[in-house]
Structures are given as structure tokens and as C-alpha cells.
Amino acid sequence: CHTSGMLTPNGKEYAQKIPREELTHLILKLLQAWKEPLSHFNQHIEHHQELPDDSLSKAKQISNMVHELKTGVEKVTEKARFSINSLNGMASSEAAGLSTSNEANMMSDSDFIHCFRRDSNKVQSYLKILKCRIMPENSC
């Protein structure tokens, strides 16, 4: 996975110990790291004639959802007055501290999907932790 080099908490217990600003920054880095690979993946599957139109539509929908989620997390970050200036304007590989040039492009589709699912689960877990910190009344 192209994001394997990113330092992420190993388990929920460790993620809960990370300060809110750092956890938010980590979420943004993960989302940003997937921007370019998802774009390449979409271009790649558009060339597969045998794929049904709904598969192409789903791939584009996933890319749009990741972009919207990143935008949403940035808005929450701004409202909470966290500093995200270090991420603004950076290329996805710079934001994650990764080289995504060929590694993500050379992965098989199944490996790509596996890596995306792994990182999506991390983002989902980190967002749940942040939600519980921000709104503890939600009985977390």
C-alpha cells in the first residue's frame, strides 16, 4: 500500500491517546494521500470496456465522497481553529510524505481496493474518536 509508510496508531486504544489536532491532521493526510491514486484508478477502469457502467459510476462516486469528506474535515478543523495550513496547497504525495508516482499505479485492482478499504476503516475509526471527543453526549 502506498500509505504503509505513514505512521498511524496501531489500534483504537492508541488512536484515543492522540491529541485531537494530531488526529485531525492524520485524517487529512490519509484523505489527501488517496486523491491522486483514486484519480488514476478512475482513469484506469474507464479503459476497461468489459466493466458495467454502474462500476464506473461507483468508482467516480467513491472519489467524490473522499473529496467531500476531506472538505468536510477541513471545515470542521477550521471551525475548531486547528491549523491546517501545512496541508493546504500540498500535493497528495507531499502531504502524506509518500511517493505515489508508480507504486499505486502498479498495484493490482484487488490490492488497490484492499489498501483503500484499510485506510477507509482507519479514517472511519479516527472520525468516530473525534466525534466522541467533540460531542461526548452521543454516549460513545
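The figures here come from the full heavy-atom set of this structure, side chains too, leaving out hydrogens, waters and symmetry mates. Predicted model only: the values in this text are computed from it and were never measured.
- The two atoms that bring Arg118 and Ser4 nearest to each other are NH1-OG, 3.6 Å, heavy atoms only.
- Here the closest non-hydrogen pair linking Ala15 and Leu23 is O-CD2, 4.1 Å.
- The 12-atom threshold is exceeded at CG of Asn121, counting heavy atoms of other residues, nucleotides or ligands nearer than 6.0 Å.
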Verdict with supporting geometry, Val66 and Lys35, side-chain contact (heavy atoms from CB on, under 4.5 Å): CA-CA 8 Å; Val66 168; Lys35 181 180 177 183; over 6 Å; no

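- Listed here is the closest heavy atom pair of His2 and Pro37: NE2-CG, 3.5 Å.
- Not counting sequence neighbours, the partners of Lys12 by the side-chain contact (heavy atoms from CB on, under 4.5 Å) test are Gln16, Ile129.
- The line from CH2 of Trp34 to SG of Cys115 is 5.5 Å long, rounded to the nearest 0.5 Å.
- Side-chain contact between Thr3 and Lys29 is absent, with no heavy-atom pair separated by less than 4.5 Å.
- A distance of 12.0 Å separates SG in Cys1 from CZ in Phe116, rounded to the nearest 0.5 Å.
- Applying the side-chain contact (heavy atoms from CB on, under 4.5 Å) criterion to Thr71, with sequence neighbours excluded, gives His67, Lys75.
- Rounding to the nearest 0.5 Å gives a distance of 5.0 Å between CG of Asp119 and CG of Leu30.
- The structure places CG of Leu127 at 11.0 Å from SG of Cys132, a figure rounded to the nearest 0.5 Å.
- Just one residue in the list Ile27, Val123, Leu28 forms a side chain to side chain contact (heavy atoms under 4.5 Å, CB included) with Leu69, and that residue is Val123.
- When the side-chain contact (heavy atoms from CB on, under 4.5 Å) test is applied to Thr8, the partners found at least two apart in sequence or on another chain are Met6, Leu26, Lys122, Tyr126.
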